[in-house]
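Encoded as structure tokens, the structure appears first; notes follow it.
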Amino acid sequence: MTNKLPGQQEFSRRSLQDPEGFWSEQAGAIDWHDPFSKVCDFSQPPFTRWFPGGRTNLCHNSVDRHLEQRADQPAIFFISTETGEQRTLTFRDLHHEVQRMAAVFLSLGLVKGDRVVLYLPMIPEAAVAMLACVRLGLVHCVVFAGFSAESLAKRIEDAGARLVITCDAGMRHGKLIPLKQTTDDAVKLIGGEVRTLVIHRGVDPCAPFNSARDVNYAEIADAQVPRDIPCEWLESGEPSFILHTSGTTAQPKGVLRDTGGYTVALAASMQHIFDGRPGETFFSTADIGWAVGHSYGVYGPLIHGMTTVIYEGLPICPDAGIWWKIVEQTRATVMFSSPTGMRILKKHDVEIVHSHDLGSLRHLFIAGEPLDMPTAQWIQHALPGVLVVDHYWQTESGWPILAQTPGLGAVRSRPGSPGLAVYGYDVYIAHEKTGDPVPRGVRGVLAIRLPLPPGCMSTIWQNDELFARHYFTQFPDRLVYSSFDYAMQDEDGFFFIHGRTDDVINVAGHRLGTREIEEALNTHPAVAEAAAVGATDELRGQVVNCFIVLRQSDQYATDAARDALIREVEKGVVTGLGVVARPAFIGIVKQLPKTRSGKIMRRAILAVVDNCDPGDLSTLEDPQSLDSIRNVCATRN
Ligand code: AMP
């Protein structure tokens with residue numbers, strides 16, 4: 001354990017004491033077409049505009065500016081264990097492919113500011129489409145390809161997209177995922193107005209194609225006269241993308257990202273936090289449908305002149321050594337994964353890890369959910385000599401909030417902690433009710449004083465009011481950002497995360513709102529009311545447990561009738577939200593525990609489910625309602 005921590009702390013201190021000087025310096029790591037007139041405009045809190053007046057482009061910084069020095073360096077290593085395909089795109093290839101796709105967008109009449117939804121698996125075309133969008137100032141909105149037609153429809157509608165890009169199909173463990181069919185279903189749900197651009201990757205030759213509305217990407221791309229498509233120089237505050245995330249409402253929130261602040265934040269993080277070096281390879285195992293996939297699967301590594309790996313496949317196919325084989329093959333130096341990913345691998349013999357040459361790997365960053373101690377110990381045992389960094393952030397922040405920063409020489413860690421506050425973030429632990437700072441060692445809510453640093457969400461898409469209300473009004477008389485995570489800080493400043501304060505469940509690092517699950521449960525005509533909670537699970541961190549009250553329970557008197565109903569209700573959740581939300585358990589109960597004011601008391605349900613202390617139950621209307629939950633939980637296997 002070396003003790004170089006002051007590097008990180010000194011850097012953080014300077015970032016907060018002189019934010020203008022600090023961020024102006026960081027902004028020098030990217031190319032600007034026009035210089036910014038100011039570093040930070042915080043004249044309308046809680047809204048922050050970073051680098052106003054400056055003009056830049058995310059695609060230029062990710063691709064074009066590397067052409068002079070790195071045209072022949074791989075930009076993307078694509079590996080699919082589903083199709084057996086392997087492809088390398090150099091920065092020159094990537095530049096070519098991005099311009100080809102941008103030409104198609106122009107030929108379809110898309111103009112700056114238009115929204116484009118991407119519903120694609122882990123294939124290079126997904127990154128190409130993202131880069132082609134931001135090249136032209138089109139706002140992309142990537143939807144995870146495991147989401148259902150209804151979830152996709154909601155997001156297309158919320159974004160007001162003019163185009164959806166999909167492909168014939170994805171593959172998961174050899175099984176076809178009919179992405180084109182699901183897109184058709186989604187488009188139908190919203191009235192069939194949106195055009196679909198289809199990439200035929202040859203996985204499903206029978207995928208439906210409607211020539212009146214669908215556009216075949218290869219055909220239209222080949223019909224373009226090859227030409228240079230210049231980057232649109234965007235004002236720093238202009239949007240780059242929307243990424244929806246779950247919250248406390250049934251409607252997912254469209255997190256909106258700016259252009260200049262995000263590009264600067266990623267460039268800085270690649271150097272100071274991830275300690276990546278231009279020319280090396282960065283391997284993120286996250287899907288492009290999530291925030292990590294955006295920031296560290298595509299943009300961060302490319303901005304930093306690194307090669308990124310796009311891997312389509314499971315972590316255990318053809319065997320549990322595939323990720324390590326990829327590290328060996330690509331000579332990756334920095335890797336990013338999740339606790340669930342590691343827990344899956346932990347079930348297999350550690351010799352699989354040791355049988356690969358992992359000499360290139362310096363750091364393994366882990367985030368998305370709590371990293372439990374046995375898994376942390378297993379990783380360290382499996383990867384001697386690799387620095388394992390648990391770190392914490394959110395879709396909203398876009399880059400790490402708490403971490404160890406090997407790029408600054410700080411490598412001291414504390415078991416169970418995702419580290420210290422990262423430069424730029426004025427993090428403190430707030431009293432849950434008042435928002436006042438609490439002493440070290442006392443639990444509160446992780447809060448951040450304003451302004452938020454560059455790279456964080458600029459607002460909720462088309463809903464400034466919700467942005468201001470949702471994130472910044474948790475504490476009366478204190479305009480600070482609430483993370484909605486319980487946390488604690490120890491005497492040395494290390495933070496510990498204790499789970500969400502709101503009704504958000506984290507299944508294998510994927511955020512799901514209890515409200516959206518309950519809404520899906522309630523769509524079944526037999527269901528009168530429903531509650532969803534996140535039960536503790538050894539493998540996935542949390543899993544969805546649901547409790548439903550029936551309208552007419554006498555219709556479901558037999559076990560067979562009840563089992564059939566539960567299967568139907570489960571199917572309804574998967575159809576409504578996608579496979580990520582599939583409940584691990586659905587129980588039929590007589591009543592749900594409620595407060596005297598009629599609100600479902602999920603906290604009390606969870607205490608029964610997890611068999612732990614329910615805390616204060618004085619506001620519970622009918623204590624017997626918990627017996628009903630207890631009885632049905634006893635039937636879980
Ligand atoms: P998402 O926006 O999907 O990335 O989810 C963000 C949430 O994941 C946070 O608010 C935390 O609840 C949780 N989270 C992320 N990273 C960590 C971590 N290292 N330790 C504990 N919880 C985490």
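For ligands, and for the atoms within them, numbers begin at 1 and follow the listed sequence.
The Ile497 neighbourhood of ligand 1 comprises atoms 21 (C), 22 (N), with distances under 4.0 Å to a heavy atom of that residue. Near Pro370, meaning under 4.0 Å from one of its heavy atoms, ligand 1 places the atoms 20 (N), 21 (C), 22 (N). Within the listing of ligand 1, atoms 1 (P), 2 (O), 3 (O), 4 (O) sit less than 4.0 angstrom from a heavy atom of Thr395. Below 4.0 Å from some heavy atom of Asp485 lie the following atoms of ligand 1, by number and element: 9 (C), 10 (O), 11 (C), 12 (O). Annotation for ligand 1: atoms under 4.0 Å from non-hydrogen atoms of His391 are 16 (N), 18 (C), 19 (N). Atoms of ligand 1 lying under 4.0 Å from at least one heavy atom of Asn506, given by number and element, are 8 (O), 13 (C).
A donor-acceptor contact under 3.5 angstrom links the side chains of Glu369 and Thr340, judged on distance only. Side-chain contact check for Glu432 and Tyr486: at least one donor-acceptor pair (N or O, by modelled atom type) lies under 3.5 Å. Counting only N and O atoms by type, the side chains of Asp258 and Ser458 include no donor and acceptor under 3.5 Å apart.
The closest protein non-hydrogen atom to atom 6 (C) of ligand 1 is Trp393 O, 3.6 Å. Of the protein's non-hydrogen atoms, the one nearest atom 5 (O) of ligand 1 is Arg511 CD, 3.1 Å. Of the protein's non-hydrogen atoms, the one nearest atom 18 (C) of ligand 1 is Glu369 O, 3.4 Å.
Counting heavy-atom neighbours within 6.0 Å of Arg172 CZ, excluding the residue itself, gives a total of 12 or less.
Proximity of Phe484 to ligand 1 is not established, as no heavy-atom distance is less than 4.0 Å. Assignment of Gly368 to the shell around ligand 1 is supported, since a heavy atom sits closer than 4.0 Å.
Neither the backbone nor the side chain of Trp290 has a heavy atom within less than 4.0 Å of ligand 1. Heavy atoms of Val504 found under 4.0 angstrom from ligand 1: none, in either backbone or side chain.
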Worksheet entry | Worked check of side-chain contact (heavy atoms from CB on, under 4.5 Å) between Trp393 and Val422 | CA-CA 10 Å; Trp393 51 294; Val422 168; over 6 Å; no

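Using cut-offs of 30° and 60° for the angle between ring planes, the Phe11 and Tyr423 rings count as perpendicular. Taking the six-membered ring where the residue is Trp, Tyr471 and Tyr481 present parallel rings, their angle staying beneath 30° rather than reaching 60°. Note on ring orientation: taking the six-membered ring where Trp is involved, the planes of Tyr425 and Trp399 are tilted (angle from 30° to 60°).
Closest non-hydrogen pair, Ile123 versus Ile310, comes out as N-CG2, 4.0 Å.
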